[in-house]
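A short write-up of the structure that comes next.
Fair warning: this is a prediction, and the values are worked out from it, not measured in the lab.
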Amino acid sequence: MTVLTTKPPAVPIAGARRSPLAVVRAYVALTKPRIIELLLITTLPVMFLAARGFPPLWTAVATLVFGTLSAGSANALNCYIDRDIDATMRRTRRRPLAMATVAPRNALIFGIVLGALSTLGLALTVNPLAAGLSLAAILFYVFVYSMVLKRRTSQNVVWGGIAGCMPVLIGWAGITGRVDWAPVILFGVVFFWTPPHTWTLAMRYREDYAAAAVPMLPVVATERRVVVECIAYTWATVICSLLLWPVAGTTPVYGAVAAVLGAVCLFEVYRLLGRVNAGKTGVALRPMRFFHWSNAYLALLFLAVAVDSLL
């Protein structure tokens, strides 16, 4: 059994004064900026694809700004719901609610206000469809994933990941006012990409999830089963990415980039299986290698979507 030697974070003394900058940082941290960055990476390229070139500047800026508020709302509300388990996990115990740098009631109000502002802003500056999709993403992430799926099933991130796919539809709807097959395919790319991306992270922090009683797949299944399922979802991701070529009428440049990126992604996940077959386990499996590569894969694939739209 691994012994955790990391000291628990110091909890601020009740009533202690904090600088305005520290307060701002705490509220920004509630929105999980690193997750928002990933969502924006998928939103902007889709707007290029929808516009078949540079999207209207104001529409793009408004979609990104209010989309950021929407994602921040969902993440802040997730922090409110998960504050008990966040305090028990090494990876999350420095979040504002776990550190008691933001009161739970304030975090709840903050999340609701961000959600209202984002929905209203998209409705007034972009279009009602984009606003409706954004609101649906918030509600799904909070009520379906955070409150129902996360603590009850090992398939939590499979279906909960739907919320993370919505920025693709929002970006397309922001430009066209409708939803077509091209964004649905990219929705599928993110949907199939999410489980192996999340499960490899959960393999690294398996003890954390087990201690918090969150039934992530690596907690309830063998490492072999997790890796085999990662392989299946990775194949689905790559195949779905290639479907965009004929459906959206992209150039061979996108097709070539998607094929190369997919081949590397498959190579990495099969290397993970090779380490399992060699009898390696735990940290020796190096699951974070695939996790970091999957981040790069998604960013580069959507960059290819944007660049191809300009050709």
Side-chain angles (χ1 to χ4, degrees), residues 32 34-36 38-39 41-42 71 74-75 77-78 81-82 85-86 89 91-92 133 136-170 179 183-206 208-210 212-244 262 265-266 268-270 272-273 276 285 287-288 290-295 297-299 301-302:
K32 304 180 186 178
R34 294 183 67 181
I35 294 178
I36 291 177
L38 192 61
L39 297 178
I41 284 172
T42 64
N75 290 333
L77 293 172
N78 172 260
I81 295 166
D82 283 352
I85 61 177
D86 282 348
M89 298 175 60
R91 189 175 65 85
T92 58
L133 291 170
I138 295 172
L139 296 177
F140 188 92
Y141 190 69
V142 173
F143 292 102
V144 179
Y145 172 67
S146 299
M147 297 183 68
V148 177
L149 296 175
K150 185 171 183 177
R151 307 190 193 206
R152 288 177 171 82
T153 172
S154 62
Q155 297 298 300
N156 45 22
V157 299
V158 175
W159 302 109
I162 289 174
C165 306
M166 294 298 284
V168 173
L169 302 183
I170 294 167
V179 174
V184 169
I185 288 172
L186 289 173
F187 179 101
V189 169
V190 181
F191 177 81
F192 291 123
W193 168 89
T194 300
H197 173 75
T198 309
W199 286 337
T200 47
L201 177 68
M203 290 175 76
R204 172 64 179 84
Y205 293 98
R206 181 186 178 281
D208 273 3
Y209 286 106
V214 177
M216 298 290 285
L217 187 63
V219 174
V220 301
T222 65
E223 289 172 328
R224 174 176 292 278
R225 180 189 163 191
V226 175
V227 173
V228 168
E229 292 207 22
C230 284
I231 290 173
Y233 277 101
T234 302
W235 269 108
T237 302
V238 174
I239 292 170
C240 203
S241 72
L242 294 173
L243 285 176
L244 186 69
C265 209
L266 287 166
E268 287 295 337
V269 76
Y270 274 103
L272 189 56
L273 179 61
V276 171
L285 278 175
M288 293 300 288
F290 180 82
F291 172 81
H292 291 306
W293 166 249
S294 65
N295 271 332
Y297 167 83
L298 196 69
L301 183 74
F302 275 82

Side-chain donor-acceptor distances from residues 140-150 under 3.5 Å, at least two apart:
unit_1	atom_1	unit_2	atom_2	d
S146	OG	N78	ND2	2.8
S146	OG	Y141	O	2.9
K150	NZ	D82	OD2	2.6

Could you check if a side-chain atom of [X] sits within less than 4.5 angstrom of a side-chain atom of [Y], using non-hydrogen atoms only?
X	Y	result
T153	V158	no
W199	E229	yes
L217	M203	no
F290	C265	yes
I85	R151	yes
F192	V238	no
L169	M166	yes
V184	V179	yes

### Task
Please lay out, stage by stage, how T200 and R204 fare under the test side chain to side chain contact (heavy atoms under 4.5 Å, CB included).
CA-CA 7 Å; T200 47; R204 172 64 179 84; over 6 Å; no
#### Entry: Intermediate values then yes/no, side chain to side chain contact (heavy atoms under 4.5 Å, CB included), Y270 and T234
CA-CA 10 Å; Y270 274 103; T234 302; over 6 Å; no
If you measure from [atom1] on [X] to [atom2] on [Y], what distance do you get to the nearest 0.5 Å?
X	Y	atom1	atom2	result
L244	L242	CG	CG	9.5 Å
L38	I35	CG	CD1	8.5 Å
L272	W293	CG	CH2	15.0 Å
I231	L273	CD1	CG	4.5 Å
R34	N295	CZ	CG	8.0 Å
R225	S154	CZ	OG	5.5 Å

### Query
What residues, two or more places apart in sequence or in another chain, satisfy ring-ring contact (aromatic ring centres under 6.0 Å, His included) together with F187?
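Listed in chain order: nothing, the list is empty.
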Minimum heavy-atom distance [X]-[Y], with the two atoms named:
X	Y	value
P196	C230	CA-SG, 3.7 Å
T92	D86	OG1-O, 2.9 Å
M216	A202	CE-CB, 3.9 Å
P167	G164	CD-O, 3.4 Å

### Query
With a 6.0 Å cut-off on ring centres, are W193 and Y233 close enough?
no
### Task
May I ask you to decide if Y205's main-chain N or O and D208's side chain share a donor-acceptor pair within less than 3.5 Å?
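The answer is no, because no donor-acceptor pair under 3.5 Å joins these two groups.
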### Task
Please check if the side chain of T198 supplies one atom and the backbone of P195 the other of a donor-acceptor pair under 3.5 Å.
no
### Message
Between V276 and L285, does the side chain to side chain contact (heavy atoms under 4.5 Å, CB included) criterion hold? Intermediate values first, please.
### Response
CA-CA 7 Å; V276 171; L285 278 175; 3.5 Å; yes
### Message
Going by ring pair (Phe, Tyr, Trp, His ring centres under 6.0 Å), name the pairs with one or both residues in residues 148-168, residues two or more places apart or in two chains.
### Response
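Checked against ring pair (Phe, Tyr, Trp, His ring centres under 6.0 Å) - neighbours excluded - the pairs reaching residues 148-168 are W159-F191.
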### Message
Between L298 and H197, is the side chain to side chain contact (heavy atoms under 4.5 Å, CB included) condition met? List the steps.
### Response
CA-CA 10 Å; L298 196 69; H197 173 75; over 6 Å; no
